[in-house]
Every structure is written in C-alpha cells, then in structure tokens.
Amino acid sequence: MIGIIDYSLGNTGNLVNALKKLGYESVITKDKNVLSSCEAIILPGVGHFGYAMNIINTSGLKDMIIELSENKRLIGICLGMQLLFEHSEEGNAAGLGILKGRIARIDTDLTIPHLGWNTLTSNDQSLNGKDVYFIHSYKVSESEYTIAETDYNSNIPAIVKKENITGIQFHPEKSGETGLFILKNALEGSF
C-alpha cells in the first residue's frame, strides 16, 4: 500500500491512476497510523509553497511527515519535492527541512512557468535523455542530492535523492511510460 498525504493540494487523481498502472494500491489520508503502515509515502503538491506550508503547519502534519521520513520511503512530487527543503522565496516560508537547501524563482528570460516536456541529464543512464513533463516557477537553487537535472536556460534539479527520500520536480504521473518507470524506481528505492 502506498500512502498519499492528504493536505488538499495534490494532483491525487492522476497519481492514484499511475500507481494502479504500476500495480500498487494506494490510500489518500492524513492519518498517521494508516501512513505508518504503508510501504512508501508520497507528498504530492500543486500550488504555492507558503500556502502549502501554512496548511501543513496548521493541520499538524509537519511533525508527522518529518517523523515518518525517518524510517519510511518518502517521495515528494513537484511542490511536494520543494516542501522537503528548508526555505522558499515563494511566500518567504520555511519548509519541512528534511533536505538541506532553498527554493528560488527560476532565473530565466524564458516564459515562466516552465511548462511542458523537457529532457533529463543524468549520470544514471536509465534517466539520461528521458523526456518528462514539468510545470513550475520555482526550483531547488542548488542541491548536493541531485541525480538528474534539466535545462530551462537555467539549471534545474529534476530528481534529488538522499537515502530513503526522493524528490521529483516534474510530474511522473503525466510523463507517460518514462514517468511510470521513474515513479516505480522511486517507490522501490532503486535510484
């Protein structure tokens, strides 16, 4: 069972369908006991960093997510990835602090948000050259955890990994077979 953290800001319908295609059952919940029994947990996210952290803080989810990240596989997707870090310029807000680093606005003269398909660059040949679907205006400014990146006239960490924690900046559930492959590997800890 895969737990999807319910804080009302995720693309959960498409995520549930992607998990079904991979053969996983899932549950959308904020119940700590249910999430504790899951083999992996996903922190989805679509929206504004400051607003999302306000919901997480006021609903009491912050401590639970941090505690679960200590012994569960945790995957943050899009905004969910950004929330794993210490701070964001978007809303000038503190994040969960599970990973070291800051979130900054994408510095480019290209159209923002970074929207559409873009190619991954990675030393991992199973990721290198793969096209995935992005929609975001902010990025991890730098990360020692980067295992794949993309270029949008600015270097953008696309996948970060530290032990049992994986962050995915793009939407694997909208990235076809490549996205499903990446989501499966994140769930299995194969990167």
Side-chain angles (χ1 to χ4, degrees), residues 1-28 38-49 52 73-85 90 99 101 103 105-106 108 110-141 143 145-162 164-191:
M1 179 71 65
I2 305 301
I4 301 171
I5 299 171
D6 181 11
Y7 69 109
S8 304
L9 287 178
N11 186 13
T12 56
N14 289 338
L15 191 51
V16 167
N17 290 336
L19 292 168
K20 275 185 193 173
K21 284 183 183 178
L22 291 172
Y24 290 103
E25 291 184 35
S26 60
V27 59
I28 302 167
C38 292
E39 61 187 276
I41 301 165
I42 297 175
L43 179 61
V46 175
H48 186 277
F49 188 104
R73 187 162 291 116
L74 175 63
I75 297 107
I77 296 176
C78 197
L79 176 61
M81 170 184 157
Q82 294 178 10
L83 295 171
L84 298 174
F85 287 86
E90 186 177 30
L99 298 176
I103 307 302
R105 186 159 173 83
I106 298 172
T108 181
L110 299 175
T111 302
I112 298 293
H114 171 210
L115 173 63
W117 296 87
N118 209 337
T119 305
L120 298 177
T121 302
S122 177
N123 289 331
D124 182 330
Q125 291 308 304
S126 70
L127 299 172
N128 193 48
K130 303 295 185 190
D131 292 329
V132 292
Y133 187 81
F134 290 86
I135 180 167
H136 62 118
S137 300
Y138 289 80
K139 67 172 190 162
V140 177
S141 57
S143 179
Y145 316 114
T146 301
I147 63 169
E149 57 192 23
T150 196
D151 180 68
Y152 191 65
N153 205 18
S154 174
N155 181 43
I156 297 174
I159 303 175
V160 296
K161 172 86 173 140
K162 179 187 178 197
N164 59 312
I165 310 296
T166 304
I168 303 171
Q169 180 60 72
F170 53 90
H171 284 275
E173 74 281 7
K174 294 182 178 184
S175 297
E177 292 302 316
T178 295
L180 292 176
F181 167 80
I182 290 169
L183 182 58
K184 183 177 191 296
N185 278 279
L187 291 166
E188 295 175 353
S190 300
F191 291 123

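Quick note: residue numbers are just sequence positions, from 1. If you're wondering where the values come from, they're calculated on a predicted model, not measured in any experiment.
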**Item:** Close side-chain approach of I77 to E173, heavy-atom, < 4.5 Å
**Value:** yes
**Complete:** Heavy-atom nearest pair, I182 first then I159, reads CG2-CD1, 4.0 Å
**Request:** Flag the pair F134 / C78 as yes when at least one side-chain heavy-atom distance between them is below 4.5 Å, and no otherwise.
**Result:** no
**Message:** Looking at every heavy atom in both A52 and L79, which two are closest together, and how far apart are they?
**Reply:** CB-CD2, 3.8 Å
**Message:** Please find the pair of heavy atoms, one from W117 and one from K174, that lie closest to each other, and give the distance.
**Reply:** CH2-O, 3.6 Å
**Asked** Of all residues at least two apart in sequence or in a different chain, which pass the side chain to side chain donor-acceptor pair (under 3.5 Å) check with E188?
**Response** K184
**Item:** L120 to L127 - nearest heavy-atom pair and separation
**Value:** CB-O, 3.6 Å
**Request:** Would you please say whether a donor-acceptor pair under 3.5 Å links the side chains of D124 and S122?
**Result:** no
**Prompt:** Can you tell if the side chain of T150 reaches within under 4.5 Å of the side chain of F170, non-hydrogen atoms only?
**Reply:** no
**Prompt:** Is any side-chain heavy atom of Y145 less than 4.5 Å from a side-chain heavy atom of L84?
**Reply:** no
**Message:** Any heavy-atom pair between the side chains of I28 and V16 that's under 4.5 Å?
**Reply:** yes
**Message:** Is there a side-chain contact between I165 and V160 in this structure, where contact means two heavy atoms from C-beta onward sitting under 4.5 Å apart?
**Reply:** no
